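The structure appears right after this line, and notes come after that.
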Number of protein chains: 2
Amino acid sequence: MRQTILRAAARVFRRRGFAATGMRDIAAEADLSPGNLYYYFGSKDELLFFCQDHSLDRMLATCHAVGRAGAGAAERLALVIRAHVACMLDELDGAAAHTEVEALPPRLRERIVAKRDRYEAAVRRIVAEGVRMRTFAPCDPTLVTRAVLGALNWTARWYRPDGAQPPAAVADAFATYLVRGLCA
Amino acid sequence: MRQTILRAAARVFRRRGFAATGMRDIAAEADLSPGNLYYYFGSKDELLFFCQDHSLDRMLATCHAVGRAGAGAAERLALVIRAHVACMLDELDGAAAHTEVEALPPRLRERIVAKRDRYEAAVRRIVAEGVRMRTFAPCDPTLVTRAVLGALNWTARWYRPDGAQPPAAVADAFATYLVRGLCA
DNA sequence: CGCAGGTTTGAACCATGGTTCGAAAGTCGA
DNA sequence: TCGACTTTCGAACCATGGTTCAAACCTGCG
């Protein structure tokens, strides 16, 4: 039930944006009465929080998995990028994740920001290692990592499921472009 | 006067986000009474609209200027990237531009989206020409352009003026990284 | 059947915040 | 100084939308 509601909320958040969607919209999307949402969740903010938390967990998991695969930095980064795009465009709740952090009240935002920082650090570690190994050109890993994540997060803004490009095509293009920018 | 108000609005939008800031906040920032804002602007939406419109004009202008400089695609793209970062981090109103398009009512949004599309097309033209000239690796110019713009627009989310990095450092790092990803 | 617990409802409550408005204050040429 | 006009004020208005609540509804067990 909680899952059903979260899916519905994520769908509407993505479609109309967090600020523009009302509890009544979410209720309608989940075939529920407005009041009933509060039996499962405490507030609208909490709903957004769990959407973000869930997709961050997913992204962190792929980082963890990729870390064990003993490949080079370039391959590992490409894998993370592909997974990030997939999470952003296939999974519906991914889009609301990084996009609307500012909307959360301080208490909840803290926790999301902390988790997001852990994800960013994981990606940065891959970049830094590539630089150290000389497979990547010398650069500031922090800035480059943010450029990469920016390009990825921004996909939620322009991608339309009914467009010509399937998510995999976007993932491929982004992986090759964003990795090549690092290669020495 | 209108300029003063717009600056103030842009500052607060950037600090707290569009949805979170009230007319009373903007009025306070501009040392004005809440009601007085409506003597110069019709609504809160209109305020956001003019912020976005102004910074888009600025970005389009640099595209135009760069177009006349008869340099190669790589140099032209680097110039546009640098200008975009500057507009994003130096000029306060730039941040609100691409970041909160969804917040606008349909009528105003249409016009902003149209202008933003023109900007995107201008950047894409540079990329496409580079590909045609073989100075850039073969790729889908549309997707790569969106990756570039995503990385740039995202800067508004994480950059803090009191941080260690001056805007120019960010501009340099982004220009080299994002252009190198295209070079064959 | 009947009762207890969990679940669902939808109408009503109420704070927030964009907006309006009538009046007061400044400006300036005559 | 006067009067017309522009500008400013801030208290009140009011729609929106998140939230609450008491009653109804189910479900399963004794």
Side-chain angles (χ1 to χ4, degrees), chain A residues 1-53 93 96-97 99-112, chain B residues 1-53 93 96-97 99-112:
Chain A
M1 191 71 246
R2 281 175 64 99
Q3 285 305 316
T4 314
I5 296 179
L6 278 180
R7 301 263 182 202
R11 237 172 349 232
V12 193
F13 285 160
R14 166 163 189 152
R15 199 181 312 138
R16 297 208 249 276
F18 177 74
T21 66
M23 284 285 123
R24 292 161 178 84
D25 297 325
I26 301 176
E29 178 82 18
D31 272 313
L32 242 54
S33 75
N36 196 12
L37 294 176
Y38 289 86
Y39 183 75
Y40 293 97
F41 294 94
S43 68
K44 187 187 171 190
D45 294 325
E46 196 175 307
L47 229 36
L48 177 62
F49 170 81
F50 281 115
C51 284
Q52 303 190 340
D53 195 61
D93 39 4
T99 308
E100 308 255 23
V101 204
E102 316 285 325
L104 288 173
R107 192 59 52 84
L108 294 177
R109 181 168 51 210
E110 260 181 80
R111 292 168 56 187
I112 288 297
Chain B
M1 192 70 245
R2 281 174 64 98
Q3 285 304 317
T4 313
I5 296 178
L6 278 180
R7 301 261 181 201
R11 238 171 351 233
V12 192
F13 285 161
R14 168 166 186 148
R15 198 181 313 138
R16 297 208 249 276
F18 177 74
T21 66
M23 285 286 122
R24 291 159 179 88
D25 297 325
I26 300 175
E29 178 83 16
D31 272 314
L32 241 54
S33 74
N36 197 11
L37 294 177
Y38 289 86
Y39 183 76
Y40 293 97
F41 294 94
S43 68
K44 187 187 174 190
D45 294 325
E46 195 175 308
L47 229 36
L48 177 62
F49 171 80
F50 281 115
C51 284
Q52 304 190 341
D53 195 59
D93 39 3
T99 308
E100 308 256 22
V101 204
E102 315 286 325
L104 288 173
R107 193 59 54 83
L108 294 176
R109 182 168 50 208
E110 258 181 82
R111 291 168 55 187
I112 288 296

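In this text, all values refer to a predicted model and were calculated from it rather than measured experimentally.
- The CG atom of A:Asn36 sits 15 Å away from the P atom of D:dC25 (whole-angstrom rounding).
- Here D:dT19 is the nucleotide among D:dC9, C:dT19, D:dT19 with the atom lying nearest to any side-chain atom of A:Met23.
- Nucleotides of DNA chain D nearest to B:Pro34 and A:Thr21 differ in position, and the one nearer the 5' end is that of B:Pro34.
- Shortest non-hydrogen contact noted between A:Ser43 and A:Tyr38 is CA-CE2, 4.1 Å.
- Shown here are the salt bridge (Lys or Arg N to Asp or Glu O under 4.0 Å) partners of B:Arg24, two or more places apart in sequence or in another chain: there are none.
- Heavy-atom distances to DNA chain C give each of A:Arg24 and A:Asp31 a nearest nucleotide, and the one nearer the 5′ end belongs to A:Asp31.
- Atoms NZ (B:Lys44) and P (C:dG17) sit 9 Å apart, rounded to a whole Å.
- Spacing between atom CZ of B:Phe18 and atom C1' of C:dG17 amounts to 12 Å, rounded to whole angstrom units.
- Look at CD1 on A:Ile5: it is 10 Å from P on C:dT9, rounded to the nearest Å.
- Protein atom OH of A:Tyr39 is 18 Å distant from nucleotide atom P of C:dG10, rounded to whole Å.
- Atoms OH (B:Tyr38) and P (D:dT8) sit 16 Å apart, rounded to a whole Å.
- Within the nucleic acid shown, A:Gly22 comes within 4.0 Å of sugar-phosphate atoms alone, with no base atom in reach, counting heavy atoms only.
- Residue A:Ile112 holds its CD1 atom at 6.5 Å from CG of A:Leu104, rounded to the nearest 0.5 Å.
- In this structure, B:Phe41 places its CZ atom 16 Å from C1' of C:dT19, rounding to the nearest Å.
- In the set C:dT19, C:dT8, D:dC9, C:dT8 carries the atom at the smallest distance from any side-chain atom of A:Ser33.
- One can place CG of A:Leu37 at 13 Å from C1' of C:dG10, the figure rounded to the nearest angstrom.
- Annotation: cation-pi geometry not satisfied between A:Lys44 and A:Phe13 (NZ/CZ under 6.0 angstrom from ring centroid, within 45° of ring axis).
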